[in-house]
Peer 1: 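Submitted below is the structure of interest, expressed as structure tokens.
This is a predicted model, so every value here is computed, not measured. Each chain gets a letter, A, B and so on, in the order the sequences are listed, and its residues count up from 1.
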There are 2 protein chains.
Amino acid sequence: MSINALQAIKQDTLSEHVFQQIKEDIITGVIPQGQKIGEAGLAKSYDISRGPLREALHKLESINLVDRRPHSGSRVITLDFAMMQDVYQMREAMEGFATRLACIAMSQSDIDNLYRLLEKHESSIKQSEGKRYLQQEGSLDFHYYIFSKCQNQWLIDYLNNKLYQVLRMCRHRSSQMPFRVEPALHDHYAIVDAINNRDPELAEILMRRHISGAWKIVKNLLDKEKIEE
Amino acid sequence: MSINALQAIKQDTLSEHVFQQIKEDIITGVIPQGQKIGEAGLAKSYDISRGPLREALHKLESINLVDRRPHSGSRVITLDFAMMQDVYQMREAMEGFATRLACIAMSQSDIDNLYRLLEKHESSIKQSEGKRYLQQEGSLDFHYYIFSKCQNQWLIDYLNNKLYQVLRMCRHRSSQMPFRVEPALHDHYAIVDAINNRDPELAEILMRRHISGAWKIVKNLLDKEKIEE
DNA sequence: AATACTCATATTGTCAACAATAATTAAAAT
DNA sequence: ATTTTAATTATTGTTGACAATATGAGTATT
């Protein structure tokens with residue numbers, strides 16, 4: 001099950017449907033960062049009335065993808081350095097913790113599934129050289145599979161519905177730039193090995209290190225970006 | 001500045017105002033747990049139309065105080081054992097982390113303020129024997145003061161606007177029952193001492209232990225409750 | 001020229017009527 | 001008597017009009 005498939009549920013109402021749609025448009029950059037959002041305009045372009053649109057905007061605010069100020073309006077967030085640092089710092093702590101819990105709670109068949117998932121990633125990397133964005137989305141599936149087994153509904157909810165949404169936004173921002181994906185796969189194997197050995201502390205540490213490594217890469221890209229302009 | 005004062009800002013719109021009001025009514029038990037919420041009824045009793053009320057309900061959903069199911073309606077959450085365990089587990093991890101960050105970032109005058117705050121609590125405990133709920137609210141101020149200095153806006157936001165709201169609800173639920181507050185004060189002093197010594201690891205550990213201790217007390221109360229019925 | 005003020009305009013907040021869906025009740029069939 | 005089905009009712013979702021507020025242009029004043 002893909003992480004995107006999971007988000008597709010619950011689109012029973014207009015408000016939910018348009019919420020998902022706008023969310024994807026923000027994450028993929030169709031609506032650019034910092035863009036001011038006029039309710040009337042968006043309502044027309046998504047072909048709904050302002051009521052459901054406002055509800056969608058509230059939901060977008062609740063997952064920190066838009067800022068809303070009373071009587072003034074909404075705008076898409078801008079991923080500045082401080083925000084990305086906050087997000088990665090948060091992710092390191094929370095997903096590390098989730099990994100520890102998952103290591104304790106996982107069944108053996110869960111672990112087997114993880115190994116199979118990694119093998120699929122490995123072969124898909126060999127086949128499709130250069131399609132880094134897809135490969136990264138695959139990596140999200142790996143992370144999701146682990147923390148979804150931590151058995152703490154609040155933790156799962158926060159990681160899945162808040163942190164990972166801006167995270168995907170970050171990745172889209174920096175997906176143009178080249179970097180290697182093989183090291184990540186190596187990290188992933190080490191994490192699953194730790195889980196397989198039922199070593200929660202090590203699993204947590206490896207996951208935290210993996211994430212802080214990802215942040216270092218992103219940070220370097222941001223620095224380079226700044227120098228070049 | 002009290003934690004409640006902080007929540008009082010931003011009541012510029014009807015929707016915000018009624019959101020705060022309903023939130024307090026849920027937390028303090030005026031609207032009981034598990035209660036089914038009819039939009040029409042609530043709108044009349046708070047004397048607004050259904051539009052702003054619906055927005056308020058969405059906000060309440062986003063801080064996990066009500067469940068909303070499409071076409072079916074909303075109901076106040078019920079604090080069962082599993083949920084409270086999730087919340088305390090989450091709090092232990094996140095507030096522990098926040099304490100570590102705050103320990104690094106705090107200025108000396110911040111630390112002085114913390115000591116003064118504790119002295120105030122100490123004298124207020126001696127004066128008002130038995131008024132446990134107020135004392136607990138004071139303890140929230142202590143916790144808020146620390147994590148608000150962690151310099152991670154996402155972390156502050158989550159602790160303040162999500163976790164601490166259900167936490168207050170938990171406390172209200174168990175505030176009838178007697179237990180001692182002096183040990184908590186002792187814990188608080190130990191935490192501030194660790195911060196004052198600029199020992200982030202120890203500060204985190206002490207905070208985590210303090211919170212998991214609180215959870216053990218609550219858990220025992222819940223068990224006793226179950227046995228007695 | 002720069003700042004403060006007023007008014008016009010555009011945008012957001014609120015309301016009440018309408019449409020669509022789910023829950024409930026009653027009837028019918030097994 | 002129990003289960004299934006159909007229709008009724010009550011509740012939620014959606015819409016467009018109206019009210020309140022902020023933004024911005026233009027004018028006056030220092």
Side-chain angles (χ1 to χ4, degrees), chain A residues 7-26 30-78 161, chain B residues 7-26 30-78 161:
Chain A
Q7 295 161 11
I9 60 171
K10 204 187 177 181
Q11 292 195 10
D12 233 352
T13 92
L14 249 185
S15 153
E16 260 297 314
H17 179 71
V18 86
F19 161 67
Q20 300 289 351
Q21 208 169 332
I22 299 178
K23 189 182 68 167
E24 289 304 313
D25 286 346
I26 288 177
V30 174
I31 306 176
Q33 294 182 28
Q35 175 87 275
K36 185 143 191 306
I37 293 179
E39 291 180 0
L42 262 207
K44 211 183 293 176
S45 75
Y46 287 94
D47 199 38
I48 55 170
S49 98
R50 272 182 57 220
L53 183 86
R54 281 171 64 81
E55 299 190 350
L57 285 179
H58 275 117
K59 287 177 196 160
L60 288 167
E61 183 189 27
S62 80
I63 62 171
N64 291 26
L65 250 49
V66 309
D67 278 339
R68 264 174 80 73
R69 284 196 336 218
H71 300 287
S72 163
S74 322
R75 61 178 51 232
V76 179
I77 58 161
T78 49
N161 296 329
Chain B
Q7 294 161 12
I9 59 168
K10 203 188 176 182
Q11 292 194 12
D12 232 354
T13 92
L14 249 184
S15 154
E16 261 296 316
H17 180 72
V18 87
F19 160 68
Q20 300 288 352
Q21 207 170 333
I22 299 177
K23 188 181 68 167
E24 290 303 314
D25 286 347
I26 289 177
V30 173
I31 306 176
Q33 293 183 28
Q35 175 86 273
K36 184 140 191 306
I37 294 179
E39 291 181 0
L42 262 207
K44 212 182 293 177
S45 75
Y46 288 93
D47 198 38
I48 54 170
S49 99
R50 274 182 54 223
L53 183 87
R54 280 171 66 79
E55 299 191 349
L57 285 179
H58 274 115
K59 287 177 196 160
L60 288 167
E61 184 188 27
S62 79
I63 62 172
N64 291 29
L65 251 49
V66 309
D67 278 340
R68 264 173 78 74
R69 281 192 343 214
H71 300 285
S72 164
S74 322
R75 59 177 54 234
V76 178
I77 58 161
T78 50
N161 296 329

Peer 1: Which nucleotide in the list D/dA22, C/dA17, C/dT14 gets nearest to the side chain of B/Ser15?
Peer 2: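 The nucleotide sitting nearest to the side chain is C/dT14.
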Peer 1: Regarding A/Ile37, tell me which of base, sugar-phosphate or nothing describes its non-hydrogen contacts under 4.0 Å with the strands shown.
Peer 2: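 Here A/Ile37 touches the backbone only, sparing every base.
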Peer 1: Nearest whole angstrom, please: distance from the C1' of C/dG13 to the CZ of A/Arg50.
Peer 2: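 So the CZ-C1' distance, A/Arg50 to C/dG13, works out to 7 Å.
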Peer 1: Give the minimum heavy-atom separation between A/Ala43 and A/Arg50, together with the two atoms involved.
Peer 2: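 Of all heavy-atom pairs spanning A/Ala43 and A/Arg50, the closest is CB-CG, 4.1 Å.
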Peer 1: Rounded to the Å, how far apart are A/Tyr46 OH and D/dT14 C1'?
Peer 2: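 Interatomic distance, OH of A/Tyr46 to C1' of D/dT14: 19 Å.
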Peer 1: From the list C/dA22, C/dA16, C/dA17, which nucleotide is the closest neighbour of the side chain of B/His71?
Peer 2: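 Nearest nucleotide to the side chain: C/dA22.
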Peer 1: Could you tell me the separation between the CZ atom of A/Arg75 and the C1' atom of D/dT23, rounded to a whole number of Å?
Peer 2: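 That distance rounds to 13 Å.
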Peer 1: Can you tell me which nucleotide in D/dT15, C/dC15, D/dG13 comes closest to the side chain of B/Arg54?
Peer 2: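 Looking only at heavy atoms from C-beta outward on B/Arg54, the closest nucleotide is D/dG13.
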Peer 1: Stepwise, does the side chain to side chain contact (heavy atoms under 4.5 Å, CB included) test hold for A/Phe19 with A/Leu53?
Peer 2: CA-CA 8 Å; A/Phe19 161 67; A/Leu53 183 86; over 6 Å; no
Peer 1: Could you tell me whether B/Lys23 and B/Glu61 make a salt bridge, using a distance below 4.0 angstrom between a side-chain N and a carboxylate O?
Peer 2: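 No, this pair does not count.
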Peer 1: May I ask you to test the A/Ile77-A/Gln33 pair for a side-chain heavy-atom distance under 4.5 Å?
Peer 2: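 Contact flag for A/Ile77/A/Gln33 side chains = no.
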Peer 1: How long is the line joining NE2 of A/His17 and P of C/dA20, in whole Å?
Peer 2: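 It works out to 17 Å between those atoms.
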Peer 1: By nearest atom, which of the nucleotides C/dG13, C/dA22, D/dT15 is closest to the A/Asp12 side chain?
Peer 2: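 So the side chain of A/Asp12 is nearest to C/dA22.
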Peer 1: Rounded to the Å, how far apart are B/Glu55 CD and C/dG13 C1'?
Peer 2: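 Atom CD in B/Glu55 sits about 8 Å away from atom C1' in C/dG13.
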Peer 1: Output the single nucleotide from C/dA23, D/dA17, C/dC15 whose closest atom is nearest the side chain of B/Arg69.
Peer 2: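 Shortest atom-to-atom distance from the side chain points to C/dA23.
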Peer 1: Taking only Lys NZ, Arg NE, NH1 and NH2, and the carboxylate oxygens of Asp or Glu, determine whether A/Arg68 and B/Glu16 approach each other closer than 4.0 Å.
Peer 2: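 Here A/Arg68 does not pair with B/Glu16 in a salt bridge, since their nearest N and O are not under 4.0 Å apart.
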Peer 1: A/Glu16 CD to D/dG13 P: how many Å, rounded?
Peer 2: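 In whole Å, D/dG13 P lies 10 Å from A/Glu16 CD.
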Peer 1: Between A/Glu39 (CD) and C/dT12 (C1'), how many Å, whole number?
Peer 2: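 The answer, rounded to whole Å, is 6 Å.
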Peer 1: For B/Asp47 and C/dC15, what is the distance between atoms CG and P respectively, to the nearest whole Å?
Peer 2: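 These atoms are roughly 9 Å apart.
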